[in-house]
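Since we're looking at a predicted model, the values are computed, not measured. In listed order, ligands and their atoms are each counted from 1.
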Amino acid sequence: MRILVLGGDGYLGWPTAMYLSQRGHDVGVVDNFSRRLWDNELGAESLVPILPLQERVDLWKELTGKHIDVHIGDLNDYTFLEPIVRDFKPEAIVHYGEQRSAPYSMIDRRHAVFTQVNNVAGTLNVAYAIADHVPDCHLVKLGTMGEYGTPNIDIEEGFITIEHKGRTDTLPYPKQPGSFYHLSKVHDSHNLMFCCKIWGIRSTDLNQGVVYGVETDESKLDERLRTRFDYDGVFGTVLNRFLVQAVVGTPLTVYGKGGQTRGFLDIRDTLACVELAILNPPKQGEYRVFNQFTEQFSVGDLALAVQETGKACGLEVTIDNLANPRVESEDHYYNAINTCLLGLGLQPHYLSDTLLESVIHIVQQYSNRVNPRLIQPAVNWRETGSK
Ligand code: NAD
Ligand code: USQ
């Protein structure tokens, strides 16, 4: 299939582009390198050194003989996006190209506004380009489990059937997101559901949990193909951060009581889920939602797992319960349904000591690149950042 990967220079976009290319799809990537710019803004850097995108693509061709198209530009610029969609004629578009950090969106008013404009307007442009030029194209849009928040009932996959005053309807599942970033994903979902209804295009929201890990089958071909790996207090996600903290010997930064429970998945499963969604498209006009995670853990449990594996690797790992910089429940019910992707054949890589050990070994390889200044959380939800 002809597949465009938006955000193809990012943590998930680059491995996805390689994965789909390796499976014989004709792949094009789009990115404006804003992620690299936000690193500069924060004085941060990926732990794993990353080559410029064009060099990665050349190396991929040299090693596999497979070509990946590269388009550099902003999804918010319709004069850039429209001709790409018109000329490449994708049968599927995988949309990763957004500002994806909750803390970044909570820095101050400017970052909140930027996040919502970048994400919501960019996605709307993608929907218009599809409707105008490739109405059969399937949009596979990365959403987030964080759209739902932590309700005191089971989390269904996108929709819930409600009985109210004797009548019944199936409605979008209530959304209680926990940051301006997570809210941008909710706004995207509403827009896409509406676009499917009015234009008859088709879209899958992959409401993904927190991703961990770095190595994929494709990056094993050559270390220079490895994707970025963030550990800083703004873009680093929790398990990846804990693994870096364990290696450099700083206490694991559990926010608050650590009872926050989320869905998690291995980076290799992200790639498999995306391909499963592409190969099993919805009907024209259908908007559907898959919950994309394989296991649920509390942050405190993850810290204990890292401590345990660290011990087996000869690391002394301590745990700190920091005052929580976020506003979120630290002790709550959490049970999310994730049967759609399993039903399509997903074979999960569950979290194991072996996986944790293998990431620890990769982190150890680059441990001289860790900047201790970046480890502590730097953004407080309770402050507007304007003072
Ligand atoms: P990332 O920041 O590493 O990659 C996103 C890429 O999109 C970057 O390369 C960035 O330069 C590009 N981009 C952003 N705005 C753009 C624009 N306007 N025009 C063109 N390119 C743009 O993020 P990631 O971790 O790879 O996440 C990818 C997607 O998956 C995001 O939408 C995120 O919300 C979602 N997601 C990620 C995780 C996770 O744990 N990493 C979990 C759930 C959902
Ligand atoms: N946390 C800690 N210590 C840390 C970092 C985080 O206790 O050092 C806690 C947070 O308070 C939160 C949980 O761990 O309760 C998850 O935080 P995170 O930074 O790993 O993940 P989050 O902010 O939710 O965002 C990440 C991705 C985002 C994606 C989301 C999926 O950056 O793009 O949408 O995971 S989900 O969590 O399901 O919404």
Side-chain angles (χ1 to χ4, degrees), residues 5-16 29-39 46 53 71-77 80-81 94-106 114-115 117-119 121-123 125-126 141-150 177-179 181-182 184-185 188 206-212 227-242 245 252-265 267 270 274 291-293 297-300 302-303 320-322 324-330 336 375-377 381:
V5 179
L6 313 180
D9 189 47
Y11 173 53
L12 303 177
W14 172 241
T16 301
V29 295
V30 179
D31 208 294
N32 67 348
F33 302 139
S34 48
R35 180 68 192 80
R36 294 179 187 241
L37 200 71
W38 302 327
D39 265 354
S46 162
L53 179 60
H71 305 274
I72 308 305
D74 191 337
L75 300 174
N76 279 264
D77 175 0
F80 159 75
L81 178 66
V94 183
H95 182 13
Y96 288 116
E98 298 201 331
Q99 190 302 96
R100 70 121 176 108
S101 157
Y104 189 86
S105 76
M106 300 300 290
F114 169 77
T115 299
V117 171
N118 184 65
N119 296 359
T123 298
N125 278 341
V126 174
K141 164 69 175 46
L142 269 290
T144 175
M145 284 302 292
E147 291 191 30
Y148 306 115
T150 54
S179 73
Y181 152 71
H182 288 97
S184 75
K185 295 284 190 184
D188 283 342
L206 295 177
N207 280 356
Q208 184 168 244
V210 189
V211 184
Y212 56 81
T227 193
R228 58 177 310 122
F229 188 85
D230 301 302
Y231 65 93
D232 61 279
V234 176
F235 274 93
T237 49
V238 63
L239 182 51
N240 290 349
R241 268 166 66 67
F242 285 174
Q245 293 161 0
L252 307 190
T253 54
V254 171
Y255 298 164
K257 289 190 226 161
Q260 304 92 305
T261 302
R262 302 285 183 269
F264 287 82
L265 72 164
I267 187 168
T270 295
V274 164
N291 290 347
Q292 181 165 309
F293 68 94
F297 299 105
S298 75
V299 167
L302 285 179
D320 241 9
N321 285 83
L322 304 180
N324 197 336
R326 306 189 185 196
V327 176
E328 59 185 359
S329 302
E330 295 171 8
I375 285 179
Q376 292 309 307
W381 264 227

Legend entry - Inter-residue atom distance D31.CG - H71.NE2, 0.5 Å rounding: 12.0 Å
Inset, instruction - Could you tell me whether K185 approaches ligand 2 through its side chain, its backbone, both or neither, with non-hydrogen atoms closer than 4.0 Å? - result: neither
Inset, instruction - Report the nearest protein non-hydrogen atom to atom 39 (O) of ligand 2: residue, atom name, distance rounded to 0.1 Å. - result: T144 OG1, 2.6 Å
Legend entry - Nearest heavy atoms of G10 and P15, plus distance in Å: O-CD, 3.8 Å
Inset, instruction - Heavy-atom distances under 4.0 Å are what count here, so tell me which part of T237 touches ligand 2: side chain, backbone, both or neither. - result: both
Inset, instruction - For F114, enumerate each residue passing the ring-ring contact (aromatic ring centres under 6.0 Å, His included) test, keeping only those at least two apart in sequence or located in another chain. - result: W38
Legend entry - Spatial distance of atom OH (Y231) from atom CD1 (I375) [nearest 0.5 Å]: 6.5 Å
Inset, instruction - Can you pull out the closest protein heavy atom to atom 37 (O) of ligand 2? Residue, atom name and distance to 0.1 Å, please. - result: V210 CG2, 3.3 Å
Inset, instruction - For ligand 2, indicate whether the residue F235 contacts it via side chain, backbone, both or neither (heavy-atom separation under 4.0 Å). - result: neither
Inset, instruction - Measure from NZ or CZ of R228 to the centre of the six-membered ring of F235, then state whether that distance is under 6.0 Å and the direction lies within 45° of the axis. - result: no
Legend entry - Within reach of ligand 2, part of M145 (heavy-atom separation under 4.0 Å): both
Inset, instruction - State whether a side-chain donor-acceptor pair under 3.5 Å links T123 with E98. - result: yes
Legend entry - Proximity of Q208 to ligand 2 by residue part, where a heavy atom lies under 4.0 Å: backbone
Inset, instruction - Look up atom OH in Y212 and atom CZ in F264, then write down how far apart they are to the nearest 0.5 Å. - result: 9.0 Å
Inset, instruction - Apply side-chain contact (heavy atoms from CB on, under 4.5 Å) to T150 and list each qualifying residue two or more places apart in sequence or on a separate chain. - result: R262, S329, H332, Y334
Inset, instruction - Can you measure from CD1 (I72) to CZ (F33) and round to the nearest 0.5 angstrom? - result: 3.5 Å
Inset, instruction - With the side chain counted from C-beta on, respond yes when L322 and Q376 share a heavy-atom pair under 4.5 Å apart, and no when they do not. - result: yes
Legend entry - Pick from H95, K185, R100: the one approaching atom 32 (O) of ligand 1 most closely through a non-hydrogen atom: K185
Inset, instruction - Starting at OG1 of T253, measure out to CG of D320 and round the result to the nearest 0.5 Å. - result: 8.5 Å
Legend entry - Within reach of ligand 1, part of T144 (heavy-atom separation under 4.0 Å): neither
Inset, instruction - Tell me which protein heavy atom sits closest to atom 12 (C) of ligand 2, plus the residue, atom name and distance to 0.1 Å. - result: E328 OE1, 3.5 Å
Legend entry - Nearest-neighbour protein heavy atom for atom 14 (O) of ligand 2, which is reported as residue plus atom name and distance: V299 CG2, 3.3 Å
Inset, instruction - Determine, using heavy atoms of G8 and all atoms of ligand 1, whether some pair is separated by less than 4.0 Å. - result: no
Legend entry - Residue pair N324 / W381, side-chain heavy-atom distance below 4.5 Å: no
Inset, instruction - Run the numbers for me: atoms of ligand 1, each under 4.0 Å from some heavy atom of D9, listed by number. - result: 9 (O)
Legend entry - Test applied, side chain to side chain contact (heavy atoms under 4.5 Å, CB included); reference residue, T16; option that passes from V274, L142, T227: V274
Legend entry - Polar contact flag for Y255 and ligand 2 (N/O pairs, less than 3.5 Å): yes
Inset, instruction - May I ask you to list the atoms of ligand 2 that are less than 4.0 angstrom from any heavy atom of G146? - result: 36 (S), 38 (O), 39 (O)
Legend entry - Atom pair CE/CG of M145 and L206 - distance to nearest 0.5 Å: 12.0 Å
Legend entry - Location of contacts on R262 toward ligand 2, heavy atoms closer than 4.0 Å: side chain
Inset, instruction - Pick whichever of Y104, W38, Y96 has a heavy atom sitting closest to atom 31 (C) of ligand 1. - result: Y96
Legend entry - Identity and distance of the protein heavy atom lying nearest atom 32 (O) of ligand 2: R100 NH1, 2.8 Å
Legend entry - Any side-chain donor near an acceptor of the partner, T270 and Q208, under 3.5 Å: yes
Legend entry - Any N or O of L142 closer than 3.5 Å to N or O of ligand 1: no
Inset, instruction - Could you tell me the residue and atom name of the protein heavy atom closest to atom 19 (O) of ligand 2, and the distance to it rounded to 0.1 Å? - result: R326 NH2, 2.9 Å
Legend entry - Closest approach of any protein heavy atom to atom 3 (N) of ligand 2, naming residue and atom: T253 O, 2.6 Å
Inset, instruction - Test K141 against V126 for side-chain contact (heavy atoms from CB on, under 4.5 Å), laying out the working first. - result: CA-CA 10 Å; K141 164 69 175 46; V126 174; over 6 Å; no
Legend entry - V238-ligand 2 polar pair, N/O distance under 3.5 Å: yes
Legend entry - ligand 1 contact on F33 by region, counting heavy-atom pairs under 4.0 Å: backbone
Legend entry - Of the listed options Q208, R228, R35, closest to atom 36 (N) of ligand 1 (non-hydrogen atoms): Q208
Inset, instruction - Return yes when Y212 approaches ligand 1 closer than 4.0 angstrom through a heavy atom, no otherwise. - result: no
Inset, instruction - May I ask you to check whether Y11 has an N/O atom sitting below 3.5 Å from an N/O atom of ligand 1? - result: yes
Inset, instruction - From atom 42 (C) of ligand 1, work out which of G263, S34, G7, G209 has a heavy atom at the shortest distance. - result: G209
Legend entry - For Y181, atoms of ligand 2 separated by under 4.0 Å from a heavy atom: 28 (C), 29 (C), 33 (O), 34 (O)
Inset, instruction - For ligand 2, find out whether one of its N or O atoms is nearer than 3.5 Å to an N or O atom of R241. - result: yes
Inset, instruction - Decide yes or no for T237 and D230: does some side-chain heavy atom of the first lie under 4.5 Å from some side-chain heavy atom of the second? - result: no
